[in-house]
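Throughout, a chain's letter reflects where its sequence line sits, starting with A, and its residues are numbered from 1.
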Protein chains: 2
Amino acid sequence: MATLEEKLQIIRRGSDELLVEAELTERLRSGEPLRVKAGFDPTAPDLHLGHTVLINKLRQLQELGNHVLFLIGDFTGMIGDPTGKNATRPPLTREEVALNARSYTDQVFKILDRDRTEVVFNSTWMDRLGAADMVKLAATHTVARMLERDDFSKRYTNNQPIAIHEFLYPLVQGYDSVALRADMELGGTDQKFNLLMGRELQKHYGQKPQVILTMPLLEGLDGVNKMSKSLGNYVGINEDPNEIFGKLMSVSDQLMWRYIDLLSFASLATIRGWKQQVAEGGNPRDIKVAFAQEIVERFHGRDAAQAALADFEARFRQGGTPANMPEVNVPAAGVALIIPHVLKQAGLVASTSEGLRLIAQGGVKLNGEKVSDKSLKLAPGEQVVLQVGKRKFARVTIT
Amino acid sequence: MATLEEKLQIIRRGSDELLVEAELTERLRSGEPLRVKAGFDPTAPDLHLGHTVLINKLRQLQELGNHVLFLIGDFTGMIGDPTGKNATRPPLTREEVALNARSYTDQVFKILDRDRTEVVFNSTWMDRLGAADMVKLAATHTVARMLERDDFSKRYTNNQPIAIHEFLYPLVQGYDSVALRADMELGGTDQKFNLLMGRELQKHYGQKPQVILTMPLLEGLDGVNKMSKSLGNYVGINEDPNEIFGKLMSVSDQLMWRYIDLLSFASLATIRGWKQQVAEGGNPRDIKVAFAQEIVERFHGRDAAQAALADFEARFRQGGTPANMPEVNVPAAGVALIIPHVLKQAGLVASTSEGLRLIAQGGVKLNGEKVSDKSLKLAPGEQVVLQVGKRKFARVTIT
């Protein structure tokens, strides 16, 4: 059993802000499992490591004996974008919500403990509220208070429209905490305002206010921007194990430590040991391998992690080619078989001009040899391994 | 049958703003009765002439063949003040709403035509709306648009709190127009913003937008402030006929014309005749008498109007005392029978100091004689008529 101070240390690890620590201490002292709430969009999820920062923290709280309320915000999801302006947010049906929720939990139970997780839907209580209840909920806060929220304040100042229902959503999120009698709520740093709404509304409804814990937003592989699918700087948890491994090996040493702090389940003592090791001249690459192994194993199992390491070493350390690579047939008929065209036909580059540029930069290899002749021609029946950049391979047969 | 231009003239008479006149013309041309909406608070009503400005206009619209939707805003009334800060606005029960509505209609049917009036309650449709519908309604407008409303804008600028539900109420009022498929809505000039919401929401819901007509706020007897019960400058329609008559006779000649424009049902031609008469040296007092007679008759019948005139003439023209005055017994035991105390006991002044002040100002009469001796004493068994100011009388017996 962890001591109170150890528990607090685990909870604080990697977090951004804990409010109010004295209240958390008091709740932990009671020995009762805390009801820990975290809210998720009901849209089709495709989780990446950025999402898992918060889920990891939930897992740690579960390991300390607490109960996780995994809240799917389907009430607003089933409304969609009520202004109708955002075509990418159509109203979800109840069936779609159920499907998405299943997909969500399939992913998060790679981290969370099923026995200590309760999946809840806020439509359960929100659908029972009438227009009059919504009016009463709206009456608990002022326009000025709502305009304190960073994004609202910026948009208002810049004369960008804020639809009135946007003021209702933080109240709905806060009311969820009331309905769930949450002891604690977790969210990204960008959620602080909404988490505070939960505290305020719980007080309003005569409950003890929840403790709030914000987690930082994880940087993407570029080390600069927030990890996001649309920026392409992400590591998806359902990606190919070799891909995950390779992506994690590609991050800078500095970003590696950040990832380890927020994503590894290694104890704080272990991590201190690693840092010591590197400080004394150890190769950070060894730490990176251990970390990448841990992450791949978490989502794809031990065997996949071993295979990914082997694959990676074959490719990059020993200069070899990966065991599994796409086999591509390029038909000889009607195609100029010079190398940029073949790269394009094999799907290794988007266009022949990209192929030409990469050849000029020295980024293309044929059977492990750098290609310098951009007019190099292949012959029908030939079979070669083509490589573009560090990780794109194809075994090409001219047919 | 009135011509189109005559109808427009009747509708415009005394009004502040008509939007959009071309739309009204088009609707009138169709020959279909218009559905004319006006909203009223569901609190216990005690109507004064200020309220009747709008009701008179509804009556005129009825006389032109249109249908009045007399809307009781009980949805918000049953919510009360959801912030709980305003103790004078407790939530009303359905029974209280029904009672108040009955009291309202008892009063307004002295003006409106029952057969062309439909009393409707917005709880009928609002109680069926869920929280999600309220979110969708809120999504139709922006925060910036709502802050354009005069009172919101002022309060926001002055850092006075605006609770978020206050942004929902204009939307509810606007949605009422949708639910009622109103062709036209009437309101005070202070309601223009809310009436426009009705237009906007009707367009949003695919309806033709209602025409809006705003009526000015009637000045009170002081000729300066808006008529209101709390300011004491009002003429209540259920007041004693003599009191109504006396109050109307007390207004300035200038205010008289304003009242006639907004309250009299005399034709525009008749009113032009009266103005002509005064311009040619006629006594405005004669016009005032005719007008006061009209108003008393409207609310209390012809006999009461005649009696009020007779009473008034007896009091003020012939210097006599009114036929009906309160009889008050003042017990001699334990009370100093000097005149300021007796005035207070008789309920003619609020305090002995007020009595002393009025005596000093020459505003107190005993049996028609001005009282100048503030130590004047009455004796047990004595019976006198006491008068304070122009219209307060009591027949006092010292017992």
Side-chain angles (χ1 to χ4, degrees), chain A residues 74-86 89 91-92 122-147 149 152-153 155-172 174-176 179 197 201 204, chain B residues 74-86 89 91-92 122-147 149 152-153 155-172 174-176 179 197 201 204:
Chain A
D74 65 336
F75 170 72
T76 46
M78 290 188 290
I79 294 175
D81 172 26
T83 67
K85 279 177 193 152
N86 191 340
R89 269 177 55 209
L92 300 174
N122 68 349
S123 63
T124 313
W125 48 90
M126 287 308 299
D127 284 354
R128 280 202 299 260
L129 288 196
D133 299 303
M134 193 51 111
V135 167
K136 289 176 196 163
L137 195 52
T140 60
H141 282 81
T142 65
V143 171
R145 171 81 183 96
M146 207 52 83
L147 282 173
R149 201 174 88 170
F152 287 152
S153 152
R155 285 160 64 195
Y156 188 69
T157 309
N158 295 332
N159 294 318
Q160 290 168 330
I162 304 166
I164 295 167
H165 77 286
E166 298 185 68
F167 278 10
L168 302 179
Y169 282 179
L171 296 168
V172 169
Y175 184 76
D176 290 342
M197 276 288 137
L201 284 175
H204 179 83
Chain B
D74 64 337
F75 170 71
T76 47
M78 290 189 289
I79 294 175
D81 173 27
T83 68
K85 279 178 193 154
N86 190 342
R89 268 178 55 207
L92 299 175
N122 69 348
S123 63
T124 312
W125 47 90
M126 288 307 301
D127 285 353
R128 280 202 298 260
L129 288 197
D133 299 303
M134 192 52 111
V135 167
K136 289 177 197 163
L137 195 53
T140 59
H141 282 82
T142 65
V143 171
R145 171 81 181 97
M146 207 51 84
L147 282 173
R149 201 174 86 170
F152 287 152
S153 151
R155 285 160 64 195
Y156 189 70
T157 309
N158 296 331
N159 294 317
Q160 290 168 329
I162 304 166
I164 295 167
H165 77 286
E166 298 184 68
F167 277 9
L168 302 180
Y169 282 180
L171 296 167
V172 169
Y175 184 76
D176 291 341
M197 275 290 135
L201 284 174
H204 179 82

>> Tell me the closest heavy-atom pair linking B:Ala138 and A:Leu168, and the distance in Å.
In response: CB-CD1, 3.8 Å
> Atom CE in B:Met134, atom CG in A:Leu129: separation rounded to 0.5 Å?
Replying inline: 11.5 Å
>> Taking side chain as everything from C-beta outward and backbone as N, CA, C, O, which of these in A:Phe152 sits under 4.5 Å from a heavy atom of chain B? Side chain, backbone, both or neither.
In response: neither
>> Suppose we screen for ring-ring contact (aromatic ring centres under 6.0 Å, His included). Which residues come up paired with B:Phe75, at least two apart in sequence or across chains?
In response: none
> By a 4.5 Å heavy-atom criterion (distance strictly below it), what part of A:Ile162 contacts chain B: side chain, backbone, both, or neither?
Replying inline: both
>> Classify the ring geometry of A:Tyr156 against B:Tyr156: parallel below 30°, tilted from 30° to 60°, perpendicular beyond 60°.
In response: perpendicular
> Looking at residues at least two apart in the chain, or sitting in another chain, which of them share a salt bridge (charged side-chain N to carboxylate O under 4.0 Å, His left out) with B:Arg145?
Replying inline: B:Glu148, B:Glu200
> How many angstroms lie between OG1 in B:Thr142 and CD in A:Gln160, if you round to the nearest 0.5 Å?
Replying inline: 12.5 Å
> Between CD1 of B:Ile164 and CG of A:Leu137, what distance do you get to the nearest 0.5 Å?
Replying inline: 9.0 Å
>> Taking every non-hydrogen pair under 4.5 Å, which of B:His204, B:Lys136, B:Arg128, B:His141 racks up the most with chain A?
In response: B:His141
> What part of A:Met126 is in contact with chain B, defined as an atom under 4.5 angstrom from a non-hydrogen atom: side chain, backbone, both or neither?
Replying inline: both
>> Please identify, among A:Ala131, A:Gly130, A:Ala144, A:Pro82, the residue contributing the most non-hydrogen atom pairs under 4.5 Å to chain B.
In response: A:Ala131
